[in-house]
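Have a look at the structure below before the remarks.
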Amino acid sequence: QGQLAESGGGSVQAGGSLRLSCAYSERRFTTYGMAWFRQLPGQGRERVAAINRWGTSTMYADSVKGQFTISRDNAQSTVYLEMNSLEPEDAAVYYCAASAYGEISSKYEYWGPGTQVTVSS
């Protein structure tokens with residue numbers, strides 16, 4: 001695929017913040033729903049946040065509600081995930097995903113390669 005590329009991952013101390021970015025290179029992705037997933041060791045991928053094509057609707061997993069914020073700027077061809085108050089339990093590989101449906105979706109056909117987030121106590 002190669003149409004999505006995450007950046008902004010890294011290592012932070014507990015209580016710190018990171019902002020992940022997902023760049024999409026094709027115009028059609030401006031009409032796609034977008035989401036962020038994470039995969040913890042020994043766990044399946046968990047959808048932590050999603051946003052519709054307009055940026056007018058968002059959803060969050062209970063595990064990150066009030067802690068993470070998803071946003072998008074189609075003019076910049078980028079979706080963001082702002083992560084605050086990070087704790088070791090948030091350490092995971094974070095993936096950007098896209099759905100041609102355009103709304104909050106249960107199906108995501110396009111995936112980035114992921115970016116690692118580690119949190120130290």
Side-chain angles (χ1 to χ4, degrees):
Q1 295 176 316
Q3 295 115 329
L4 304 175
E6 305 96 340
S7 62
S11 298
V12 297
Q13 295 182 2
S17 299
L18 285 173
R19 188 176 77 161
L20 305 183
S21 298
C22 174
Y24 38 96
S25 60
E26 297 185 10
R27 179 184 176 190
R28 61 194 175 107
F29 283 91
T30 65
T31 67
Y32 285 17
M34 305 294 295
W36 287 95
F37 288 72
R38 68 183 181 187
Q39 186 166 18
L40 282 71
Q43 304 292 325
R45 289 189 184 185
E46 172 194 24
R47 185 176 64 179
V48 297
I51 191 166
N52 74 347
R53 62 180 180 171
W54 307 116
T56 54
S57 296
T58 59
M59 67 81 63
Y60 299 93
D62 288 342
S63 58
V64 305
K65 197 170 298 180
Q67 181 188 3
F68 292 3
T69 302
I70 188 171
S71 61
R72 72 188 300 165
D73 186 345
N74 284 333
Q76 298 294 322
S77 300
T78 305
V79 176
Y80 303 96
L81 185 69
E82 183 178 352
M83 305 184 293
N84 301 125
S85 302
L86 288 165
E87 299 293 342
E89 64 199 37
D90 298 311
V93 178
Y94 284 76
Y95 298 89
C96 179
S99 169
Y101 175 52
E103 300 290 349
I104 306 300
S105 179
S106 61
K107 305 180 183 70
Y108 292 90
E109 309 100 291
Y110 306 94
W111 296 83
T115 186
Q116 178 73 53
V117 173
T118 59
V119 185
S120 60
S121 299

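Quick note: numbers below take in every heavy atom, side chains included, and nothing from hydrogens, waters or symmetry partners.
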Could you give the distance from [atom1] ([X]) to [atom2] ([Y]), rounded to the nearest 0.5 Å?
X: Arg72; Y: Ser21; atom1: CZ; atom2: OG; value: 13.5 Å
X: Met34; Y: Ser105; atom1: CE; atom2: OG; value: 12.0 Å
X: Thr115; Y: Leu18; atom1: OG1; atom2: CG; value: 9.0 Å
X: Tyr101; Y: Thr31; atom1: OH; atom2: OG1; value: 13.5 Å
X: Phe68; Y: Asn84; atom1: CZ; atom2: CG; value: 8.5 Å
X: Ser63; Y: Asp90; atom1: OG; atom2: CG; value: 8.0 Å

State, to 0.1 Å, how close [X] and [Y] come at their nearest heavy-atom pair, and which atoms those are.
X: Ala35; Y: Arg47; value: CB-CD, 4.2 Å
X: Ser17; Y: Ser85; value: OG-N, 4.1 Å
X: Glu87; Y: Ala14; value: OE1-CB, 3.6 Å

(message) Starting from Tyr32, can I reach Ile70 by hopping between I/L/V/M/F/W/Y residues whose side chains sit under 4.5 Å apart?
(response) yes
(message) Do Tyr94 and Val12 land in one hydrophobic cluster if side-chain heavy atoms of ILVMFWY residues count as linked below 4.5 Å?
(response) yes
Within-4.5 Å side-chain heavy-atom neighbours: [X] and [Y]:
X: Glu6; Y: Trp36; value: yes
X: Tyr24; Y: Asn74; value: yes
X: Cys96; Y: Trp111; value: no
X: Met83; Y: Leu20; value: yes
X: Tyr95; Y: Gln39; value: yes
X: Gln67; Y: Leu86; value: yes

(message) One pair to check against salt bridge (Lys or Arg N to Asp or Glu O under 4.0 Å): Glu46 and Arg38. What are the steps and the verdict?
(response) CA-CA 5 Å; Glu46 172 194 24; Arg38 68 183 181 187; 3.1 Å; yes
(request) Examine Phe37 together with Tyr108 and report whether their ring centres are nearer than 6.0 Å. (result) yes
(request) Would you mind listing the cluster partners of Ile104? Hydrophobic ones only (ILVMFWY), side-chain contacts under 4.5 Å, chaining allowed. (result)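 Grouped by the 4.5 Å side-chain rule, Met59 form the rest of the cluster around Ile104.
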(request) Check side chain to side chain donor-acceptor pair (under 3.5 Å) between Glu26 and all other residues, then give those that pass, not counting sequence neighbours. (result)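 By the side chain to side chain donor-acceptor pair (under 3.5 Å) rule, Glu26 matches Arg28.
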(request) Give a yes or no on whether the backbone of Asp73 and the side-chain of Thr78 come within a donor-acceptor separation of less than 3.5 Å. (result) no
(request) Evaluate the ring planes of Phe29 and Tyr110, with Trp represented by its six-membered ring, and classify them as parallel (under 30°), tilted (30 to 60°) or perpendicular (over 60°). (result)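 Perpendicular: the ring planes of Phe29 and Tyr110 meet at over 60°.
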